[in-house]
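All remarks here apply to the structure that follows.
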Number of protein chains: 2
Amino acid sequence: MGDEVTIMDVAEAAGVSPSTVSRVINDSAPVSESTRSKVVKAVDDLGYRPNKFAHALRKQTSEVFGVIVPDISNPFFSTLIRGAEDRFHENDLSLIICDTKGELDKEQRNVEMLIKERVDGAIVTSAEGEVDGICRLFEEGIPVIAVDREPTSREITAVLTDDEGSGVQATQHLMEKGCRRIGFIRGPSGISTAEKRFAGYRKSLEESGKTFKPELVAQGDFTFEGGKRAFEELVRLNGREELPDGIVVANDMMAVGVIRKAEELGIEVPEDLALVGFDDILLSRLINPPLTTVSAPTYEMGQIAVDFLLEKVEVDRDMANSRKKVLKTHLVERRSSQYGARRNGY
Amino acid sequence: MGDEVTIMDVAEAAGVSPSTVSRVINDSAPVSESTRSKVVKAVDDLGYRPNKFAHALRKQTSEVFGVIVPDISNPFFSTLIRGAEDRFHENDLSLIICDTKGELDKEQRNVEMLIKERVDGAIVTSAEGEVDGICRLFEEGIPVIAVDREPTSREITAVLTDDEGSGVQATQHLMEKGCRRIGFIRGPSGISTAEKRFAGYRKSLEESGKTFKPELVAQGDFTFEGGKRAFEELVRLNGREELPDGIVVANDMMAVGVIRKAEELGIEVPEDLALVGFDDILLSRLINPPLTTVSAPTYEMGQIAVDFLLEKVEVDRDMANSRKKVLKTHLVERRSSQYGARRNGY
DNA sequence: ATCACTCATGAAAACCTTTTCATATGGATA
DNA sequence: TATCCATATGAAAAGGTTTTCATGAGTGAT
């Protein structure tokens, strides 16, 4: 069935040695035009395709890369993966995608798998702030790039979004829309993305001379249910009368939860409560009201991560030379943040 | 750096031959207890890990598998992938995930990539009804399983959902809810899933003695926008007065489009229009009104596909022996199908 | 004590490339 | 014409396993 045809068969058919065939295929040394054409013809005739395993064994390189993300079904990460995948394919490289489901031991196992597969490099979004996985790859001498989340314990090349700036943008937007009492729903602690968005919120309050009020902040976990619970918490803390008139929610998924819970409680978004999220997932456009959100160039992030990684692999394998790229974000204004629309509008 | 330690180093350290070390590691032949323990110790001491490339070269097997889906960010497929991934990992096998973005040439390229990587087998959801990709794998002698969509042109082992039955379930459900004039929004033609759901709709009408009306059917493409357009088409065909009072929509994504478009047009769901979708994607639960949908055991499908595939690989490589598994679906009742709730309800 | 046989082990081949090193050929230079 | 170089090519080694085949030691039977 499969192609049993080896480089030796080609050599024989072309009347040359295997070495010469190899040279033609890889363009690794000068070959006379006459023999080259003979070899090319033989390759075509026999339908020769190099044996990946032998190649890998000899060259000690798999030409396969790994990508580890916490949740493949999260549109943010699937877009990121697409960016990376497209770039890898452009370079004729293969890709192993790993989904850790946010579990630390699964991340660990995925890392071991990538090591076993002897990938030439990896792009990782750590499940937690701790970066055991990245460290393991590090130890094995496998080039690795962090993406979206910044590892705390180690200097490492990273591609990030400007999360603090995003937090500022979101908060200012609500202020401009006329909100006076702006709350925040946080993401899981220990994740740089979540922390920095919150930092942006505080910074923005400070810059406009407002005092930070702890009762306007609730803890979430980046999930839909977590968003619902966090909003209930805010209602409990402040009462129906003193509710915030605007909330910056650390990601879109939770913001959708807030919309639903508000609906259940008879609180109208955006008339009584304005909302801004982060990530610009597909859902945000489809929900009612459509969600205003801070959008990051996710697809590009994937591409840039690959560029950085390939540079590491091909040019400078020294992992000590780390660098950082922080991508700008932009606000996508939709209806959820049109606070007081009723009053102004009609 | 990396582990340069080879099986020869281990052999030397243990005072045995490489052959013996191999036998211990793979448990491929009897080894005396005394030497076995020596070898095990040496392996531990040196931190030996077999070289994947050499192993693959010698065994002519990569222990890597491929999964090809049209859209990794579609929750249906990411759940499927998770089922497959978990099962592969249980068997200590690696997985290359490919996203064709529904494009035929991308599918083609992904297939070539899997062939290049010499995967031991593949699970494929073809982008189109045509199955060039699957055929290529076939030709290469790579075991392959079709999942979700049934290849038309070739007999092949497949794991499917009972789409016709689902179509019947959905239609009957609307009838039971009191709908009299039930429409259908189709998926892309040529995709077995879409065709069969439509067939179920027709069958259900027939069984209850209703006549099929072409003006109640519109063409969609499985996307959100496509759903909106298809609904507009229905409005155009029937006019506001003669609109269907219930629509079976060939997948959830389009159904969400219908909800949005209906909202824009001031048509209330489910009071004036009842809806049922298929797939039970996350979004269906989060939208307002929550969408009634026919749910398939997606995660299990992934697992079963792997089981079938491994059986093919390990037991019976003869691809001529194909078999089919059709999984039962169930209806998840939510608010979008509570037709006339206002009238009956309160 | 010899033969037949089992069982554990080692040597070497095989898997298929790539790459180093050596060689032959031809042309240019002295 | 002899010498030197460059250039194209081939032979062989290396990469790290697994597996076949051979061998040697031990066991039980005659």
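Chain identifiers are assigned alphabetically (A, B, ...) following the order of the sequence lines, protein sequences preceding nucleic acid strands; residue numbering begins at 1 within each chain. For the numbers below, each heavy atom of this structure counts, side chains included, while hydrogens, waters and symmetry mates do not. Keep in mind that this is a model prediction, so the values were computed, not measured.
When rounded to the nearest whole Å, the span between CD of A:E33 and P of D:dT9 equals 10 Å.
Ion pairing between a basic and an acidic side chain is recognised when a charged N comes within 4.0 Å of a carboxylate O; A:K101 and B:D86 show such pairing. Look at A:R136 and A:E139 and you find a salt bridge, because one of the NZ, NE, NH1 or NH2 atoms lies within 4.0 Å of a carboxylate O, short of that distance.
Between A:S32 and D:dT7, a side-chain N or O to OP1/OP2 separation shorter than 4.0 Å is absent.
Sorted by first and then second residue, the pairs that involve residues 80-122 of chain B and meet ring-ring contact (aromatic ring centres under 6.0 Å, His included), not counting sequence neighbours, are B:F65-B:F88.
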- Message: Show, in sequence, the C-alpha distance, side-chain angles and deciding distance for A:S62 and A:E117, and conclude whether the side chain to side chain contact (heavy atoms under 4.5 Å, CB included) test is met.
- Response: CA-CA 8 Å; A:S62 62; A:E117 291 298 326; over 6 Å; no
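Enclosure of atom NZ in A:K324 by more than 12 non-hydrogen atoms of other residues, nucleotides or ligands within 6.0 angstrom is indicated.
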- Message: Strictly under 4.0 angstrom, non-hydrogen atoms only: write out the protein contact profile of nucleotides 10-19 of chain D, one letter per nucleotide from the 5' end, B, S or -.
- Response: BBBBBBBBBB
